[in-house]
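For reference, the structure is listed below as structure tokens.
Numbers restart at 1 for each chain; the letters A, B, ... are given by sequence-line order, proteins then strands. For the numbers below, each heavy atom of this structure counts, side chains included, while hydrogens, waters and symmetry mates do not.
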Protein chains: 2
Amino acid sequence: MYAIGVDIGGMSIKVGLVSSEGKIVEQNRVKTAKTADECIKNIVNQINDLLLNHKLTIDDLSGIGIGCPGAVTSETGVVDFLPNLGWEKVKLVDELKKDFNTNIKISNDANVATLAEVIYGCAKDYNDCVMFTLGTGVGGGIVIDKKLVEGGYSRGAELGHTTLIFGGEPCSCGRSGCVECYCSATALIRQTKTAMLNDRNSKMWEYAKGDLANVDGKTAFECSKLGDNTANLVVENYVAYLSESIINMLNVFRPQAFIIGGGISAQGEYLLDKIKAYCEKFEYGYKNAPKTDILIASLGNDAGIIGAAALVK
Amino acid sequence: MYAIGVDIGGMSIKVGLVSSEGKIVEQNRVKTAKTADECIKNIVNQINDLLLNHKLTIDDLSGIGIGCPGAVTSETGVVDFLPNLGWEKVKLVDELKKDFNTNIKISNDANVATLAEVIYGCAKDYNDCVMFTLGTGVGGGIVIDKKLVEGGYSRGAELGHTTLIFGGEPCSCGRSGCVECYCSATALIRQTKTAMLNDRNSKMWEYAKGDLANVDGKTAFECSKLGDNTANLVVENYVAYLSESIINMLNVFRPQAFIIGGGISAQGEYLLDKIKAYCEKFEYGYKNAPKTDILIASLGNDAGIIGAAALVK
């Protein structure tokens with residue numbers, strides 16, 4: 001049976017028709033509109049387009065799943081707070097039910113990405129997994145016994161908003177020193193720029209064509225691979241921040257696997273080997289602790305659509 | 001129906017006969033022996049004494065529950081690692097089964113204390129709770145839907161071993177900057193002594209009879225209540241460490257209630273009011289976050305026996 005997966009992002013909204021094996025049969029994408037009402041209209045049209053293309057009716061689907069950034073109450077289907085899009089208290093599920101009489105579920109985007117990886121992706125052989133998505137921010141997802149653990153009021157699993165440095169960098173959440181402030185792509189870019197300003201001879205300047213505006217989440221990693229010392233220090237420091245944040249989650253959940261996703265995970269084995277070495281050195285957080293397998297997410301940008309569809313599988 | 005609760009501690013082993021309402025009918029205590037074998041013999045004798053006193057046989061019990069510090073695998077009933085007592089791979093449940101043909105379960109001491117508070121204590125009106133026990137170390141417990149969440153291999157919930165200050169104070173676990181290094185009674189005593197050495201005029205010197213050896217977890221709190229500025233700074237700083245650590249757990253679990261237990265919780269309302277004010281100021285960790293009730297544990301030292309018995313309720 002097919003399901004529809006909706007992936008709401010700051011730039012675009014992607015809607016996909018997903019098979020029960022987690023394959024995207026077809027997907028479309030529209031630019032994220034300025035208001036929630038417009039976005040909802042677009043989602044309805046996108047879904048209808050997919051159904052039409054595949055000669056399906058809504059009754060041929062197991063349902064519609066939605067992954068959405070920000071604070072989402074999955075029980076009520078309401079997006080409580082999505083500051084990037086200016087959404088507050090948007091009754092997304094109720095609105096879609098006006099057009100589609102089917103099972104409709106919603107969850108936070110990082111939760112949905114984790115579910116996708118555990119059911120169909122890199123962690124499909126594991127039951128208990130925790131994930132960081134390392135992008136603009138740091139999202140978190142928890143799956144126990146193949147089921148999503150969203151926390152009370154479906155408002156937990158904000159793993160990026162745990163402290164790494166008490167009194168450290170100011171965080172978008174209103175506190176300071178959160179994991180997100182040190183492990184997000186945004187943070188890595190900040191760390192890279194600071195290091196470049198302190199070393200005008202670093203290869204990173206050439207890589208960035210002499211302009212800090214060109215620095216991205218790859219700059220330090222790529223120049224570290226070229227043997228640049230300053231880039232290497234940025235990477236080693238970032239790996240320490242990230243590994244300590246991972247070990248914290250191992251001590252809380254002791255999952256079978258920990259998944260690294262989001263843009264930074266594109267570094268693959270290069271990043272993974274360094275994190276594994278760090279975690280090994282600190283005995284995965286505790287003397288005699290059972291080891292947790294550390295994995296790189298395998299579904300990339302499709303995890304949003306696939307995981308959303310998995311909500312109604 | 002009655003159950004037996006066994007509370008293994010570094011100083012003594014307490015065994016209690018507990019009613020199904022969570023009341024301790026009778027308890028006894030022996031000094032913790034030097035070897036695991038001696039401890040097991042003592043526990044067997046203590047249980048037999050209680051049964052004899054109350055004219056009960058083992059068949060009159062719902063079972064025997066054990067709370068034990070250190071790393072415990074509850075599935076196998078093995079104490080993997082208890083450095084304070086020098087225990088390693090002690091098959092405690094199997095050993096007790098040789099004498100008692102009944103349901104025997106074991107869990108970590110902080111887990112068991114949390115279970116006691118959620119079933120019989122301060123949090124009995126809540127289903128989802130997280131707890132810190134603030135003693136020599138910082139223990140953690142997680143209860144979701146009135147059930148203990150021990151993490152994978154029953155080796156998670158080590159909430160005291162999450163980072164508060166990256167690269168901070170060395171921790172007994174081998175890492176550095178853990179919550180335990182700033183929020184345990186041990187840490188508070190260290191913080192108090194440091195402040196006293198920087199202020200020879202603090203009232204804390206009088207309270208400690210001029211001797212740093214007399215400083216305990218109450219020194220700063222009691223002198224703060226007397227209006228001593230330095231003591232007040234120690235308390236405010238400790239409250240910030242503790243509150244940030246609590247907010248981290250709210251962001252991960254978003255529980256209905258968070259429980260503060262262990263020796264430091266004896267400060268009651270004085271401590272609670274300060275923590276609540278701090279959490280309120282930071283919106284319980286996230287804009288528009290559902291509020292979590294913060295509670296002081298009510299069962300005190302009995303939580304160990306009562307919670308252990310609750311494992312076999």
Side-chain angles (χ1 to χ4, degrees), chain A residues 70-71 73 80-81 83 88-89 126-130 140 142 144 149-168 172-179 182 240-241 244-245 247-257 281-283 285-290 292, chain B residues 70-71 73 80-81 83 88-89 126-130 140 142 144 149-168 172-179 182 240-241 244-245 247-257 281-283 285-290 292:
Chain A
T73 303
D80 291 304
F81 190 55
E88 208 153 334
K89 305 271 172 212
Y126 300 85
N127 293 316
D128 304 339
C129 298
V130 176
I142 308 160
I144 296 178
V149 174
E150 298 179 302
Y153 320 93
S154 67
R155 292 287 294 279
E158 287 289 356
L159 309 183
H161 295 286
T162 54
T163 308
L164 189 61
I165 303 186
F166 176 87
S172 63
C173 72
R175 295 168 70 209
S176 60
C178 291
V179 165
Y182 302 94
Y241 287 145
E244 290 287 351
S245 305
I247 294 174
N248 288 342
M249 294 303 121
L250 305 190
N251 281 346
V252 174
F253 295 104
R254 198 57 62 197
Q256 296 164 333
K281 185 175 166 196
F282 288 95
E283 301 189 72
Y286 221 72
K287 198 167 155 59
N288 292 348
T292 293
Chain B
T73 303
D80 292 303
F81 191 54
E88 209 154 331
K89 305 272 172 211
Y126 300 85
N127 293 317
D128 304 339
C129 298
V130 176
I142 307 160
I144 296 178
V149 175
E150 298 178 304
Y153 319 92
S154 67
R155 292 287 294 279
E158 288 288 356
L159 309 183
H161 295 287
T162 55
T163 308
L164 191 61
I165 303 185
F166 176 86
S172 63
C173 72
R175 294 168 70 209
S176 60
C178 291
V179 164
Y182 301 94
Y241 287 144
E244 290 287 353
S245 305
I247 293 173
N248 288 343
M249 293 302 120
L250 304 190
N251 281 346
V252 174
F253 296 104
R254 198 56 64 194
Q256 297 164 332
K281 185 175 166 196
F282 288 95
E283 302 190 71
Y286 220 72
K287 199 166 156 56
N288 293 348
T292 293

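Per-residue counts of heavy-atom pairs under 4.5 Å with chain A were compared for B:Gly168, B:Cys178, B:Gly156, B:Ser172; the largest is that of B:Gly156. Chosen from A:Ala157, A:Pro83, A:Gly151, the residue pairing most often with chain B at heavy-atom distances under 4.5 Å is A:Ala157. Note: B:Ile247 leads B:Leu159, B:Asp80, B:Ile247 in heavy-atom pairs under 4.5 Å with chain A. Comparing A:Ser245, A:Gly140, A:Ala240, A:Gly167 by heavy-atom pairs within less than 4.5 Å of chain B, the highest count is held by A:Ala240. Counting heavy-atom pairs closer than 4.5 Å to chain B, the top residue among A:Pro290, A:Cys173, A:Gly174 is A:Pro290.
Within the model, atoms CG of A:Leu164 and CD1 of B:Ile165 stand 10.5 Å from one another, a figure rounded to the nearest 0.5 Å. Rounding to the nearest 0.5 angstrom, the gap separating the OG atom in A:Ser176 from the CD atom in B:Glu244 is 6.0 Å.
In this structure, B:Val252 and A:Ile142 approach most closely via the heavy-atom pair O-CD1, 4.2 Å.
In this structure, chain A has a heavy atom under 4.5 Å from the side chain of B:Glu88, while its backbone stays farther away.
Side-chain contact between B:Asn248 and A:Arg175 is present, with at least one heavy-atom pair separated by less than 4.5 Å.
Between B:Tyr241 and A:Phe166, the ring planes lie tilted relative to each other; the angle falls in the 30° to 60° range.
Using modelled atom types, no side-chain atom of A:Asp128 and backbone atom of B:Gly152 make a donor-acceptor pair closer than 3.5 Å. Distance alone, capped at 3.5 Å, places no donor-acceptor pair between the B:Asn251 side chain and the A:Glu158 backbone.
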